[in-house]
Number of protein chains: 2
Amino acid sequence: MAGEVNKGLEGVVVADSTICLIQGMKGKLSYRGYDIKDLAEKCCFEEVTYLLLYEKLPNAKELAKFKQELIKRRHIPDHVVEMMKTFAKKMNSTEALRSTVSALSDDEPDPRDVNIDHQLDVAISLTAKFPTIVAHYYRLKHKMKLVKPNPKLGHAANFLYMLTGNIPDEISERAMDMDFVLHAEHGFNASTFGVRVTVSTLSDMYSAMTTGIGVLKGPLHGGAAQEVMQMLEEIGWAKNVEAYVKKILAKHGRVMGYGHRIYKTYDPRAKVLKKMAKEFSKKKNNMRWFEIGEKLEEVMAREKNLYPNVDFYSAIVYHHLGLPLDLDTPIFAIARITGWSAHAIAQYKDNRLIRPIENYIGPTNLKFVPLEKR
Amino acid sequence: MAGEVNKGLEGVVVADSTICLIQGMKGKLSYRGYDIKDLAEKCCFEEVTYLLLYEKLPNAKELAKFKQELIKRRHIPDHVVEMMKTFAKKMNSTEALRSTVSALSDDEPDPRDVNIDHQLDVAISLTAKFPTIVAHYYRLKHKMKLVKPNPKLGHAANFLYMLTGNIPDEISERAMDMDFVLHAEHGFNASTFGVRVTVSTLSDMYSAMTTGIGVLKGPLHGGAAQEVMQMLEEIGWAKNVEAYVKKILAKHGRVMGYGHRIYKTYDPRAKVLKKMAKEFSKKKNNMRWFEIGEKLEEVMAREKNLYPNVDFYSAIVYHHLGLPLDLDTPIFAIARITGWSAHAIAQYKDNRLIRPIENYIGPTNLKFVPLEKR
């Protein structure tokens, strides 16, 4: 068979795209042509979602309307909340999100002529519902009363409110919002590619998002914030960093939250989030984790020429937000559904069934032996 | 960015494989080195599942043990049957299968060190449960009493029994079994590839199978038996075939169940199933659909050099089996989970995160304009 085996599809170009540009060597990332730093520091998540879905930044009127669209769709129907009670008893957080999203679908058509408006509608509905699902799961699991969505709050603040029952302070809202913007989109990562493979048979948006969550669940993909925080706790204090890194490198171990398959220099998302982590740490009068982070950067740059990725400073921000770390993957999904949706729409608009091939290296022409003679 | 855009990944080799060899130009298909004709005519589905999972044909003792393993796991837990009642009310058959499979998972770990035995265990459990899920869905939807699995019956016969409430006759059992064998595996088709993308993050087997079902749901993938049967009914009788094909070709339409992206000659699965369809049609004293099929073959070969694919004769077989045609995609899944599982295991054993790239053609360096100035 023709061609070399490329197990990871590294460097294989599977689509033209206008969604995001990742410049790994330069450490640059932009969505629809806008630098990630501007978007993270100057836009709310709803604005960025609009940009990714509609290919332009909204004006004030468009944004207000779009926010209302999202607010209207935050509610989870009662029959699905009933199922979530069982999910919360039996499942981890990512399984519960995957199962709930699948359960929300309702005789979804798969026509050969795709209705893009309908697909967008489902994408917006699920984008609105993801925070509700994650917050409900958490409160059901811990036998707490469910908190209804608050239509006065934006996407990020409302998520924190539904999770904790308290309206978040200004910096918490800003940090959560920024974290969502930074995680919204990142090209043909495995979960997004899984979404596009699903759409490529002209399957529906619920199926596509269910796939996205299932792919994101794996430890080689998303949400290493939990592992980063565990590492920070193990290190304990900045003075222990040198010894810790030496120990890990001696046994060829991994320093969590470091390095990235694409960024060979500083992850631009980590750069923005580091600033936020510093501000947040000061506000909370707790520089302990941030100081470990700064020292770790110094040592890892010197020893391995590796830089923190977006997960690293997410961990510190989540810690200050008081987020339960076993929610790190579903929180990633709350943000990434935006990118998944933009890619799904792009795939519907210019589709080709995705079907690579294998290089067969097994036996051929084996003689069949009937059961009684084996 | 390097490389040409290849939207369908045609000809891109993504893995070495020992699972199945498709020789599109020769019209040959083999699983693990054995010709599909031998397997379909001389093996039961359980035997072929064993072959795909364990890389060898079982002897009598191994097969008996494996059948028992499957029989033991056919049961669906009560709390999931409860959810299925809601699914049956609201969802189509493929959504219900996808949601039920996701709901069966139970705090499934995603360790960086994968336990292959555990993954195989889940694969076997789900293989055993798929027919129960599909049959339960159908009976719940039509408000019929659920039929418990019958441990005396094999995989195919038990499915028909749970669906209809009656123990099938010999030819029905044989036809269902053969159909499952023929649909069990087919290389890197989109659903199988979706399964492998999911596994490539080291996500779990439930996530992988949930993805598989979601990808299979799309009309460009699997289970066109329903559309084929609708076409046969529209044609009505063999004498109308010439006129029907002329009409369709004049408006550049599709003749359902014809042609295949890989087979450029006769689909070897269709060849085996055609023989079965003929035998079954005779037995049922109803040659009407088969005669249309034969005439259609003649006209399509002459006019378009196209041959029937596996879906074509599946439709006639399903008709004689009395299968509800809106179950065609989940029935495909009952068979294909075997191939999905074999590919998932292969991916776990020799994994690399699957992450292709895009060719960015959008705007760059756009100047950020604040909301109030847009």
Side-chain angles (χ1 to χ4, degrees), chain A residues 3 5 7-9 12-18 21 33-34 38 59-60 79 83 86 90-92 95 98-99 102-103 105-107 110 112 187-188 190 194 197-198 201-203 207 210-211 214-215 217-221 352-364 366 368 371 374, chain B residues 3 5 7-9 12-18 21 33-34 38 59-60 79 83 86 90-92 95 98-99 102-103 105-107 110 112 187-188 190 194 197-198 201-203 207 210-211 214-215 217-221 352-364 366 368 371 374:
Chain A
V5 177
K7 292 198 293 175
L9 293 181
V12 173
V13 186
V14 71
D16 287 326
S17 176
T18 63
L21 176 60
Y34 294 102
D38 283 331
N59 61 33
H79 73 273
M83 290 182 206
T86 310
K90 303 203 162 258
M91 292 182 182
N92 63 48
E95 286 171 319
R98 186 194 66 213
S99 301
S102 186
S105 87
D106 180 358
D107 199 8
D110 297 305
R112 283 170 192 265
F188 277 69
V197 170
T198 306
T201 66
L202 301 181
S203 187
S207 292
T210 304
T211 293
V215 182
K217 183 168 182 277
L220 300 191
H221 195 318
R352 173 100 185 133
L353 183 70
I354 298 177
R355 194 202 196 293
I357 58 171
E358 68 268 54
N359 176 42
Y360 186 74
I361 56 167
T364 52
L366 292 183
F368 183 79
L371 182 61
R374 281 175 217 150
Chain B
V5 177
K7 291 198 293 175
L9 292 182
V12 173
V13 185
V14 72
D16 286 325
S17 176
T18 64
L21 176 61
Y34 294 102
D38 283 331
N59 60 34
H79 73 274
M83 292 182 204
T86 310
K90 302 206 164 256
M91 294 182 180
N92 63 46
E95 286 171 320
R98 186 194 65 214
S99 301
S102 185
S105 87
D106 179 358
D107 198 8
D110 297 304
R112 283 170 193 266
F188 276 69
V197 170
T198 306
T201 66
L202 301 182
S203 186
S207 292
T210 304
T211 293
V215 182
K217 184 168 181 279
L220 300 192
H221 194 319
R352 173 100 185 134
L353 184 70
I354 297 176
R355 195 202 195 293
I357 59 171
E358 68 269 54
N359 177 42
Y360 186 75
I361 56 168
T364 52
L366 292 183
F368 183 79
L371 182 61
R374 281 176 218 152

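All chains are named by letter (A, B, ...) in the order of the sequence lines, taking the proteins before the strands, and each is independently numbered beginning at 1.
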**OP:** Might you point out which heavy atoms bring B:Gly214 and A:Ser203 nearest each other, and give the distance in Å?
**Re:** O-OG, 2.5 Å
Original post:
CG/B:Asp106 to CG/A:Asn92 distance, rounded to the nearest 0.5 angstrom?
Top reply: 9.5 Å
Original post:
Minimum heavy-atom separation for A:Ser207 to B:Lys217, with atom names?
Top reply: OG-CD, 3.6 Å
Original post:
Okay, side chain of A:Ser17, backbone of B:Glu358: is any donor-acceptor separation there less than 3.5 Å?
Top reply: no
Original post:
Counting heavy-atom pairs under 4.5 Å to chain A, which of B:Leu353, B:Leu371, B:Leu366 comes out on top?
Top reply: B:Leu366
**OP:** May I have the step-by-step check of side-chain contact (heavy atoms from CB on, under 4.5 Å) for B:Val14 and A:Val5, ending in yes or no?
**Re:** CA-CA 5 Å; B:Val14 72; A:Val5 177; over 6 Å; no
Original post:
Which bit of B:Thr210 is near chain A, if near means a heavy-atom gap under 4.5 Å: side chain, backbone, both or neither?
Top reply: side chain
**OP:** Return the option, out of B:Pro356, B:Gly33, B:Ser105, B:Pro363, with the maximum number of heavy-atom pairs under 4.5 Å with chain A.
**Re:** B:Pro356
Original post:
Between A:Thr211, A:Asp110, A:Ile354, which has the largest tally of heavy atom pairs under 4.5 Å with chain B?
Top reply: A:Asp110
Original post:
Side chains of B:Ile357 and A:Phe188: closer than 4.5 Å at any heavy-atom pair?
Top reply: no
**OP:** Using modelled atom types only, decide if a donor and an acceptor are shared between the side chain of B:Arg355 and the backbone of A:Leu9 within a distance under 3.5 Å.
**Re:** no
Original post:
Counting only N and O atoms by type, is there a donor-acceptor contact under 3.5 Å from the side chain of B:Glu95 to the main-chain atoms of A:Asp107?
Top reply: yes
Subject >> Whether B:Thr201 side chain and A:Leu220 backbone form a donor-acceptor pair below 3.5 Å >> reply: no
**OP:** Go through A:Leu202, A:Thr86, A:Thr364 and name the one with the most non-hydrogen pairs under 4.5 angstrom from chain B.
**Re:** A:Leu202
Original post:
Are the side chain of A:Ser99 and the backbone N or O of B:Ser102 linked by a donor-acceptor pair below 3.5 Å?
Top reply: yes
Original post:
Highest number of heavy-atom pairs under 4.5 Å with chain B: which of A:His79, A:Met83, A:Arg98?
Top reply: A:Arg98
